[in-house]
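Notes follow the structure.
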Protein chains: 2
Amino acid sequence: MVAPALRRPITADEQRRAERCARGLVIVIDDDAEILAALHALIELEGYACETYASALAYLRALQDGRGRFPGPRCLLCDVKLPELDGLELQRRLATLDDTPVLLMSGASGAPEAVSAFRAGALDFLIKPLDDETLFAAVGRALAASAARQREQARRRDLAARLATLTEREREVARRVARGERNQDIAAALGIALRTVKRHRQQAMHKLGAATLVDLVHLLDAAQGPGTQTL
Amino acid sequence: MVAPALRRPITADEQRRAERCARGLVIVIDDDAEILAALHALIELEGYACETYASALAYLRALQDGRGRFPGPRCLLCDVKLPELDGLELQRRLATLDDTPVLLMSGASGAPEAVSAFRAGALDFLIKPLDDETLFAAVGRALAASAARQREQARRRDLAARLATLTEREREVARRVARGERNQDIAAALGIALRTVKRHRQQAMHKLGAATLVDLVHLLDAAQGPGTQTL
DNA sequence: CCGTCTATTGCACCAAAGGGCCAACAAAGG
DNA sequence: CCTTTGTTGGCCCTTTGGTGCAATAGACGG
């Protein structure tokens with residue numbers, strides 16, 4: 001579907017990069033340089049890509065620049081107690097910008113922090129000192145969630161793109177068809193000829209790559225179902 | 001759809017019960033009798049039905065008896081630290097039996113308990129002393145979740161019941177129809193005559209109350225989509 | 001102003017779906 | 001033994017959907 005044409009051979013460098021992307025990126029934010037270094041080493045050793053930031057602001061700045069965004073699943077592993085910007089606060093801000101899953105961690109903090117973290121949507125809350133097994137279990141879940149979200153987004157984008165190639169009339173007809181209306185009724189409702197409805201219907205199904213009515217129904221359901229009230 | 005016939009007038013008593021059911025039931029489990037009494041009063045004052053248990057085992061026993069299960073949304077408000085059976089352990093056991101949303105609470109416990117609670121699927125974790133506002137916010141969310149689950153279950157049960165009235169052949173044909181296969185192809189695939197496929201198809205749509213193909217598709221998608229691999 | 005493109009429509013034809021009427025056959029139950 | 005139910009099938013007719021061909025009208029760029 002969305003396969004970009006491969007024009008040149010893949011270099012070994014790109015090969016390695018691709019492997020890392022597939023595994024995923026872990027973005028670590030902690031104000032303790034020692035921990036940062038240790039986590040960086042540990043995470044790369046496990047085969048994930050890893051970026052580290054000493055503060056939430058540093059990460060946000062990097063996000064602003066936005067150059068060369070990492071392709072593939074990603075997650076955030078962020079300390080709760082940070083200077084300037086709190087881990088919880090960072091999470092709240094990210095929730096509106098980004099849908100990267102967030103793992104929060106903290107040393108010997110109380111229940112309230114953990115509760116706040118989960119209420120704010122953190123995927124997990126890790127207590128320092130970090131246990132390798134627990135850490136990577138959480139990272140695995142987070143990256144899996146990220147991958148799922150990205151697949152879902154890609155699917156929706158692809159669908160939206162195909163929907164965008166339809167003309168207004170075609171979309172309208174397709175929508176009604178997918179709601180179970182008959183060609184005749186659609187023609188009457190839109191005040192156009194039966195033949196015209198048939199044409200739009202065919203055209204729409206062709207553009208959307210729907211071989212059967214059932215496919216059309218599924219496509220349109222998927223397009224407008226989860227949130228997006230387009231169409 | 002599933003409206004039971006009303007045979008006799010509704011008594012005032014039933015009326016009050018119905019009102020409570022609509023608001024929801026909060027099941028409180030705590031080993032501190034004082035807290036139990038206070039919560040009971042507070043919750044009933046807020047207009048919810050309330051059952052209290054002094055231990056997790058007592059609640060499980062009540063579940064076993066199972067007589068007169070409360071109709072309507074329900075949630076569990078359970079202390080983490082309990083004699084005999086731990087709140088977290090109770091939650092784990094309930095997860096397999098019941099889908100009642102669980103709110104855990106605890107006095108001055110550490111982050112690990114809170115984290116375990118959320119990981120085990122608790123909807124929220126309340127820290128004693130309980131703040132009225134926080135409590136009822138959580139209860140409201142839990143009961144809303146419960147109501148949503150019950151609606152979903154009812155919908156699926158209704159659908160399953162209707163599907164059960166289909167004969168094997170009718171189900172098979174309906175499934176293929178909903179996958180976009182044409183009558184002819186279905187006939188060929190099943191090695192039967194076209195006329196027979198049409199009959200089964202008609203019969204199935206009639207039994208399922210599907211006026212159009214689109215309705216059929218939606219019904220079967222809903223039936224098998226979320227988990228249940230029936231059909 | 002002209003050629004082109006798109007949306008629209010009519011006409012004709014074929015394929016597929018919907019359905020009425022009738023009937024055979026087997027298994028399950030009374 | 002008879003009835004009911006599930007499954008199967010044939011014949012025939014109507015409605016709906018799917019397409020090809022041709023034509024008209026408005027929009028747009030040159």
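To find a chain, count down the sequence lines: A is the first, B the second, and so on, and within it residues start at 1.
Distance from the side chain of A:R169 is smallest for C:dT8 among the nucleotides D:dT16, C:dT8, C:dG18. You'll find that the side chain of B:T196 is closest to D:dG9, out of D:dG17, C:dT9, D:dG9. Among the nucleotides D:dG17, D:dG9, C:dA16, the one closest to the side chain of B:Q184 is C:dA16.
With rounding to whole Å, A:H206 atom NE2 is found 21 Å from D:dG17 atom P. A:K198 has its NZ atom 14 Å from the P atom of C:dC13, to the nearest Å. The NE2 atom of A:H200 sits 16 Å away from the P atom of D:dG17 (whole-angstrom rounding). Going from atom CG of A:L194 over to atom P of C:dG10 covers 9 Å, rounded to whole Å. Regarding B:R199, its CZ atom lies at a distance of 21 Å from the P atom of C:dA16, rounded to whole Å. What separates CG of B:D185 from P of C:dA16 is a distance of 9 Å, to the nearest Å. Whole-Å rounding puts the B:E172 CD to D:dT7 C1' distance at 14 Å. Here D:dT16 presents its C1' atom at 12 Å from CZ of B:R201, a figure rounded to the nearest Å.
A:I192 comes within 4.0 angstrom of sugar-phosphate atoms only, judged by non-hydrogen atoms across all strands, and of no base. B:E170 comes within 4.0 angstrom of no nucleic acid atom, judged by non-hydrogen atoms across all strands.
The shortest distance between the side-chain N/O atoms of B:T167 and the OP1/OP2 oxygens of D:dT7 is below 4.0 Å. The side chain of A:N183 contributes an N or O atom lying less than 4.0 Å from OP1 or OP2 of D:dG17. Regarding contacts with the backbone of D:dT19, a side-chain N or O of A:Q202 is found under 4.0 angstrom from either OP1 or OP2.
The residues B:E172 and B:R169 are annotated as not salt-bridged, no charged nitrogen and carboxylate oxygen being separated by less than 4.0 angstrom. The existence of a salt bridge linking A:R149 and A:E152 is excluded, since no basic side-chain nitrogen approaches an acidic carboxylate oxygen closer than 4.0 Å.
You'll find the side chain of A:F136 reaches within 4.5 Å of the side chain of A:I43, heavy atoms only.
Contact annotation: side chain of B:R195 to base of D:dG10, donor-acceptor pair present below 3.5 Å.
Scanning both residues, A:A117 and A:F125, for their nearest heavy atoms gives CB-CD1, 3.5 Å. Taking both residues in full, the closest heavy atoms of B:P101 and B:A145 are given as CG-CB, 4.3 Å, listed atom of the first, atom of the second, then distance.
Between A:M205 and B:K207, the residue whose closest nucleotide on DNA chain D is further toward the 5' end is B:K207.
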